[in-house]
Amino acid sequence: MPNEAVTRILLEIADLLDLEGVKFKPEAYRRAARALQQSPEETEELVRTGRIDQVPGVGEAISEKVREFVKTGEVHYLEKLRAQWPPGLLELMRLEGVGPKTTRRFYLEFQVKGPEDLERLIQEKKLEGVFGFGPRKIELLQKALSKGVSAAGASPESGRTPLPEAQQRMEELLESLRESRAPFEKLVFAGSLRRRRETVGDLDLLATSSRPREVMELFTHLPQVEEVRLSGDTKSTVVLTGGLQVDLRVVPSQAFGAALQYFTGSKDHNVHLRALANRKGLSINEYGLTRDEQLVPAPTEEEVYAAVGLSWIPPEMRENQGEIEAAQEEGLPAVVGDAELKGELHIHVPPSIEQEDLLPWVEELRAMHLTYGGFVVRASEVEREDRTLEQLRNALPREVEGVRVFLGLEVTLDAKTRPTTPAGADYLILRPPEKPLADPKESARAWTSSPTSVAAMLAHVDPGSLASAGLEWKDLLPEEGEENSLPLELAVRHDVVATETALVRGASRRSARFVLSGAPRSPEELPRLLLAAGIARRAWVPSHQVVNTSSEPMSALRNPANPPSASPKGPEPPKRSGSRKQDGPRT
DNA sequence: GCCGTTTTCGGCCCGACTGTTTTCAGTCG
Ligand SMILES: Nc1nc2c(ncn2[C@H]2C[C@H](O)[C@@H](COP(=O)(O)OP(=O)(O)OP(=O)(O)O)O2)c(=O)[nH]1
Ligand SMILES: [Mg+2]
Ligand SMILES: [Mg+2]
């Protein structure tokens with residue numbers, strides 16, 4: 001994460017201000033931290049160019065502290081707060097069910113400076129009979145202490161689950177709940193998973209039902225549920241075996257739209273939207289819209305947004321990063337919709353592949369309504385084969401059951417040149433070398449600015465691979481105004497989102513083009529392509545900058561972005577009725 | 001501390017669940 005250091009500073013200030021008991025300021029610091037975390041530009045760059053206070057939620061005071069941090073590596077204000085409150089208090093505050101108010105009391109009334117002190121206090125029965133601490137609360141404190149706390153200063157990303165794994169867990173959970181015969185009508189996922197964040201903190205589920213008690217009962221008794229944190233008529237929180245937390249909200253069906261809007265978030269998006277509604281004399285909650293004391297249910301998300309004069313906003317863009325202002329002016333970019341994707345271009349196969357091996361892939365491509373597959377062999381492996389690349393190409397059909405078959409060759413780049421396409425290959429997958437380059441910037445320029453007479457894309461541009469070559473993401477981007485750039489791969493692998501949204505968003509603004517890929521290892525993993533589409537939407541990438549929305553991908557890989565052909569069909573809001581399944585990959 | 005389509009000062013999103021406090025505070029989503 002690029003802005004991690006400054007984010008941690010601001011979050012620590014927020015926690016300490018919470019201990020002080022001040023209102024609004026802690027949230028202001030957290031809001032600013034969350035905004036910087038998502039910024040497509042690095043803090044240093046924003047400071048250097050004097051644009052730091054343009055970040056939403058960053059005003060004069062926070063700008064000044066960020067500038068100080070960039071300059072000196074310290075923030076005096078934070079040091080002052082640290083001197084007031086022992087560091088162990090921040091650990092205490094992270095205990096389950098323990099917040100700033102409780103922590104403050106422990107410190108001021110009992111001189112408790114950290115978890116060990118609290119443990120002793122409870123052992124010595126000093127909390128018994130104290131106002132506000134009944135037997136149940138003491139029991140819960142003990143339980144929380146025994147579970148331990150995450151160390152203070154841990155990365156904000158730690159303890160979160162990578163998107164592809166979270167999606168997998170969610171599919172399994174949905175399956176279990178359906179099998180449980182719980183009496184719900186709709187059941188969908190929400191939260192950061194629906195927003196396709198690179199990592200998710202927990203799984204958020206929304207159901208509609210007229211019998212919420214029974215739904216909750218079955219949910220909290222699923223076999224994979226290890227612990228029930230809390231459970232009421234409309235909301236339950238459980239922990240699955242393995243430690244993943246799941247929140248379930250159950251609402252009446254006429255509240256589905258409002259509830260889905262609420263539960264999809266993000267929090268900052270919700271707060272902004274609700275404040276906007278208030279200025280228009282409305283109030284929004286998870287059940288609907290209130291005007292003149294009258295609650296009007298909202299069956300669809302579109303109705304919620306329309307009530308405050310906005311068009312529907314794709315979930316992935318709901319991060320309070322300017323999308324609300326854009327939706328007010330009908331100015332949301334035409335981001336790529338799932339249905340616009342025409343193929344997958346990064347299907348790794350062994351060079352020994354034969355025609356019949358393509359069939360399971362083709363079957364799944366067809367099921368996803370895709371019209372081509374790009375099968376990729378490594379140059380190093382082809383060399384060891386008896387068969388030449390040309391013979392391989394000739395052994396494979398150009399089309400199977402209406403699905404076009406392309407052959408890609410994966411080539412590791414060397415310092416200077418961009419290779420031409422050898423006979424047999426339809427296109428090249430270029431990857432950075434694994435050893436550090438002598439002059440990375442010069443090499444990057446050579447690769448990305450060569451005339452694009454060959455169909456090629458630059459893959460394996462994850463932070464790790466770039467670092468081993470000594471490359472930086474920004475070296476790969478088109479020059480200002482350059483149209484003719486080498487497309488970059490945006491991949492969601494089985495284990496991780498390989499490219500960061502913030503970086504992609506920055507690149508997209510400079511007209512970089514992208515090839516979306518789910519890096520499938522087997523046909524069942526092809527639907528992961530849709531997660532890559534979600535990441536592209538998070539980064540506000542317009543469809544016309546996505547190579548695999550083109551029905552002629554080889555010319556798209558060669559040429560600058562073709563102007564969008566027909567009227568592009570972007571993402572669509574969920575339908576009001578019908579039993580259509582929620583969009584989403586199965587992997 | 002931030003911010004504005006009635007405001008540059010005065011508000012700041014809104015609700016569920018729990019334990020304990022007899023009427024609600026704290027924490028969390
Ligand atoms: N209006 C409002 N909605 C909230 C608030 N906190 C959370 N929500 C909504 C929006 C969130 O996306 C949704 C789920 O909450 P989570 O804590 O699970 O957050 P989210 O899934 O966005 O991120 P995560 O990856 O779980 O950390 O609930 C809040 O303070 N106010
Ligand atoms: Mg969540
Ligand atoms: Mg949650």
Side-chain angles (χ1 to χ4, degrees), chain A residues 10 13-14 17-18 20-35 52-66 77 92-106 127 129-141 144 190-192 200-206 212 216 220 228-238 245-251 255 258-259 261-290 295 304 308-309 320 324-325 328-329:
Chain A
L10 296 179
I13 292 176
L17 287 172
D18 251 338
E20 302 254 304
V22 288
K23 293 192 192 313
F24 302 110
K25 281 214 239 178
E27 261 320 291
Y29 275 92
R30 289 195 185 99
R31 232 183 1 253
R34 287 192 292 259
I52 185 73
D53 58 356
Q54 287 172 22
V55 176
V58 177
E60 228 181 273
I62 295 182
S63 288
E64 186 45 46
K65 290 174 181 75
V66 171
Y77 184 61
L92 268 187
M93 206 159 41
R94 262 177 224 102
L95 287 173
E96 216 181 294
V98 179
K101 295 282 162 30
T102 314
T103 305
R104 187 185 157 91
R105 279 196 67 192
F106 284 149
L127 267 185
V130 174
F131 182 85
F133 293 96
R136 179 78 183 129
K137 203 165 245 173
I138 293 176
E139 198 182 309
L140 289 173
L141 281 171
S192 51
V200 310
D202 67 359
L203 301 180
D204 300 292
L205 263 174
L206 173 66
M216 288 306 184
T220 53
V228 180
R229 288 248 166 101
L230 48 87
S231 181
D233 278 352
T234 80
K235 173 179 150 178
S236 291
T237 300
V238 304
Q245 181 182 307
V246 186
D247 292 331
L248 172 66
R249 283 292 312 248
V250 183
V251 299
Q261 193 289 315
Y262 150 74
F263 214 28
T264 297
S266 67
K267 176 187 172 180
D268 291 332
H269 174 90
N270 286 357
V271 169
H272 190 156
L273 187 73
R274 289 171 176 207
L276 184 67
N278 292 349
R279 292 200 287 277
K280 297 185 185 241
L282 290 169
S283 170
I284 297 176
N285 63 21
E286 62 265 54
Y287 302 106
L289 301 141
T290 303
L295 179 80
V304 178
V308 285
N320 199 34
I324 290 181
E325 292 81 356
Q328 269 173 322
E329 298 150 17

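Below, all heavy atoms of this structure are taken into account, side chains as well, without hydrogens, waters or symmetry copies.
- B:dT23 and B:dC28 are spaced 25 Å apart, taking the P atom of each and rounding to whole Å.
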Taking only N/O atoms, report every protein-nucleotides 4-12 of chain B pair under 3.5 Å with atom names and distance.
residue : atom : partner : partner atom : Å
B:dT5   : OP1  : A:R279  : NE           : 3.4

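- At the heavy-atom level, A:K65 lies under 4.0 Å from the strands shown only through sugar-phosphate atoms.
- Remark: the separation of the P atoms in B:dT22 and B:dC17 is 22 Å, to the nearest Å.
- Distance check on atom C1': B:dT20 versus B:dC13 gives 27 Å, rounded to whole Å.
- Residues A:L282 and A:D53 both approach DNA chain B. Their nearest nucleotides, taken by heavy-atom distance, put A:D53 toward the 5′ side.
- Distances were taken from every side-chain heavy atom of A:Y287 (C-beta onward) to each of B:dT20, B:dG15, B:dC17; the shortest belongs to B:dG15.
- Residue A:S236 places none of its side-chain N or O atoms closer than 4.0 Å to OP1 or OP2 of B:dC17.
- Distances shorter than 4.0 Å separate none of the side-chain N or O atoms of A:N270 from OP1 or OP2 on B:dC13.
- Comparing the same atom, C1', in B:dC12 and in B:dT8 gives a spacing of 15 Å after rounding to whole Å.
- Residues passing the side chain to side chain contact (heavy atoms under 4.5 Å, CB included) test with A:D18 are A:P26, A:R30, A:P100, sequence neighbours excluded.
- Taking the C1' atoms as reference points, B:dT6 lies 14 Å from B:dG11, given to the whole Å.
- Between A:K25 and A:E20, none of the side-chain N atoms (NZ, or NE/NH1/NH2) sits under 4.0 Å from a carboxylate O, so this pair counts as no salt bridge.
- By the side chain to side chain donor-acceptor pair (under 3.5 Å) test, A:T264 pairs with A:R194, sequence neighbours left out.
- Within the model, atoms CD of A:E96 and CG of A:L140 stand 8.5 Å from one another, a figure rounded to the nearest 0.5 Å.
- Take A:R34 and apply the side chain to side chain donor-acceptor pair (under 3.5 Å) test, not counting sequence neighbours, and it matches A:E27, A:D268.
- Between the P atom of B:dC2 and the CD1 atom of A:I52 lies a distance of 11 Å, rounded to the nearest Å.
- Between B:dG10 and B:dG15, the distance separating the two P atoms is 26 Å to the nearest Å.
- Of the possible donor and acceptor atoms, one in the side chain of A:N270 sits under 3.5 Å from a partner among the backbone N and O of A:Y262.
- For A:S231, the side chain to side chain contact (heavy atoms under 4.5 Å, CB included) partners are A:M216, A:T220, A:V228, A:S236, not counting sequence neighbours.
- Between B:dT7 and B:dC2, the two C1' atoms lie 14 Å apart (nearest whole Å).
- Under the side chain to side chain contact (heavy atoms under 4.5 Å, CB included) criterion, A:E139 pairs with A:R136, not counting sequence neighbours.
- Residue A:E27 is out of contact with every strand shown, counting any heavy-atom pair closer than 4.0 Å.
- Residues satisfying the side chain to side chain contact (heavy atoms under 4.5 Å, CB included) test with A:Q54, not counting sequence neighbours, are A:R51.
- Across all strands shown, A:I284 has heavy atoms under 4.0 Å from sugar-phosphate atoms exclusively, and none from any base.
- Classification of B:dT5 as anti follows from a glycosidic angle more than 90° from 0.
- The side-chain hydrogen bond (donor to acceptor under 3.5 Å, both in side chains) analysis of residues 273-286 of chain A, with sequence neighbours excluded, yields the pairs A:R249-A:E286.
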Under a 4.0 Å heavy-atom criterion, the protein footprint on nucleotides 22-29 of chain B, written with B, S and -, is ----SSSB
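- Summarising the base pairing, B:dT8 is matched to no nucleotide, lacking a Watson-Crick or G-U wobble pair whose two defining distances lie under 3.5 Å.
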